[in-house]
Amino acid sequence: MRIIFAGTPELAVPILDALIQSPHEIVAVYTQPDRPAGRGRQLHESPVKQLAKKYRLPVFQPEKLREFPHENIDVFVVAMYGLLIPEFILFNPKYGCINVHPSLLPRWRGAAPIVRPLLVGDTETGVTIMKMEKGLDTGDILLQEKYLILPSDNIRTLQATLSTMGAKLLLTTLANLENITPQKQDDTLATYAQKIEKSEYQINWLKSAEEINRQIRAFYPAFSYLEDQLIKIWEAEIIPQNISATPGTIMDAGQMGIDIATGKYILRAKKLQLAGGKPLLVKDILNARAQLFAREKCFKNIS
């Protein structure tokens, strides 16, 4: 098949790589324009562009898709591209446009379909290969594969898993495209994965230890303030112990972690990052900063 691929972040790289290694012909790769990043605000190429250049594939980086200078295209594959695909492109290729979406549609349509399942405590997610139409992730389903979310999963492990799954499922879809019967989505079951706001990264200690732990796994890390110092929490566990202390209060600090009161139960922070430092296990931080995490000190609560 003659394929055009559109994608931008690291999550899309295994999907493009799978296409490159397949017998299909990659006619062009679309990705978002280079963006300034880092302290020097220098322009950085997207991970998808870097891979495309490695294999000397034609790369297009329009701010908006206003034209489609390609002929005899079989399918347009989209994976986390980040730009709207206009209607005149959706129905241009022989088999139209298909999207690799990292959720079990119609659950978690929208911008953050990997983060939201972790935040709300879903026990499963997966990948959907769908035909694209004008609506937001509303197109017919071609294939789906489920994944049971592990208690140890965080945003990074889940992204890697779903990306690999998506690459394999896409190749299966392309190999059987003429024989797959598209299935309509049940709009009554739809949920929307709203774009993540920066404020969602900050911990509200009035919430339960379970909710906060999900937040840490979903954002990897979440953060809070202790004595006006920014503390990032990368890893934690739930201690199912009822306490009467003010949420955010440090109950104990030792080699196993820092026990913090929450709205329900105790959260044991096991891996932290202080401002200007790197993520470290609590036992390595306490060697030099034990006083910062003294008992009865209290993390700042969101007002």
Side-chain angles (χ1 to χ4, degrees), residues 1-9 11-13 15-16 18-19 24-35 46 48-49 52 57-114 116 126-144 162 166-167 169-195:
M1 284 189 177
R2 284 170 53 82
I3 294 173
I4 290 178
F5 179 84
T8 299
L11 183 59
V13 167
I15 298 168
L16 174 57
L19 287 174
H24 301 294
E25 178 187 355
I26 312 300
V27 176
V29 173
Y30 279 75
T31 190
Q32 289 201 34
D34 299 348
R35 306 292 188 194
S46 76
V48 162
K49 180 181 179 179
L57 297 173
V59 176
F60 294 79
Q61 297 180 271
E63 289 284 354
K64 291 185 178 181
L65 289 171
R66 294 191 174 94
E67 57 184 5
F68 193 68
H70 312 283
E71 297 180 351
N72 302 317
I73 302 302
D74 291 306
V75 65
F76 192 136
V77 174
V78 179
M80 289 69 70
Y81 179 35
L83 292 182
L84 179 69
I85 309 297
E87 189 172 352
F88 78 90
I89 293 180
L90 286 177
F91 306 106
N92 185 300
K94 179 180 178 180
Y95 296 104
C97 295
I98 63 175
N99 179 240
V100 184
H101 186 82
S103 83
L104 295 175
L105 292 172
R107 187 161 178 79
W108 301 125
R109 297 171 177 173
I114 304 180
R116 295 300 176 191
V127 176
T128 301
I129 310 295
M130 55 163 283
K131 294 202 70 172
M132 295 181 70
E133 58 178 35
K134 289 190 294 183
L136 178 64
D137 299 327
T138 57
D140 292 353
I141 294 170
L142 298 174
L143 286 180
Q144 282 188 327
L162 297 182
L169 197 61
L170 172 64
L171 294 183
T172 301
T173 303
L174 294 175
N176 298 279
L177 202 50
E178 293 184 342
N179 302 315
I180 295 173
T181 301
Q183 302 294 319
K184 293 286 184 183
Q185 293 189 42
D186 185 349
D187 291 339
T188 65
L189 299 177
T191 59
Y192 289 87
Q194 301 293 340
K195 182 179 178 181

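Residue numbers run from 1 in the order of the sequence given. Side chains included, hydrogens not; waters and symmetry mates left out as well; all remaining heavy atoms used.
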Drop me the distance from [X]'s [atom1] to [Y]'s [atom2], to the nearest 0.5 angstrom.
X: K94; Y: E178; atom1: NZ; atom2: CD; answer: 5.5 Å
X: K134; Y: I85; atom1: NZ; atom2: CD1; answer: 15.0 Å
X: I26; Y: L57; atom1: CD1; atom2: CG; answer: 7.0 Å
X: Q185; Y: T128; atom1: CD; atom2: OG1; answer: 7.5 Å
X: N92; Y: H70; atom1: CG; atom2: NE2; answer: 9.5 Å
X: E87; Y: E133; atom1: CD; atom2: CD; answer: 10.0 Å

Q: Please step through side-chain contact (heavy atoms from CB on, under 4.5 Å) for the pair K49 and V29, ending with a clear verdict.
A: CA-CA 8 Å; K49 180 181 179 179; V29 173; over 6 Å; no
Q: Classify the ring geometry between F68 and F76 as parallel (under 30°), tilted (30 to 60°) or perpendicular (over 60°).
A: parallel
Q) Should the pair Y30 and F60 be assigned to parallel (<30°), tilted (30 to 60°) or perpendicular (>60°) ring geometry? A) parallel
Q.
Can you see whether Q61 engages T31 through a side-chain donor-acceptor pair at a distance of less than 3.5 angstrom?
A. no
Q: Give the C-alpha distance, both sets of side-chain angles, the deciding distance and a yes or no for side-chain contact (heavy atoms from CB on, under 4.5 Å) between H24 and D74.
A: CA-CA 10 Å; H24 301 294; D74 291 306; over 6 Å; no
Q | Partner set under salt bridge (charged side-chain N to carboxylate O under 4.0 Å, His left out) for K64, not counting sequence neighbours | A | none
Q: Quick one: list whatever passes salt bridge (charged side-chain N to carboxylate O under 4.0 Å, His left out) with E67, sequence neighbours left out.
A: none
Q) side chain to side chain contact (heavy atoms under 4.5 Å, CB included) with N99: which of L170, V78, V77, L105? A) V78
Q: Provide the closest heavy-atom pair for V100 versus M80 in the form atom of the first, atom of the second, distance.
A: O-SD, 3.8 Å
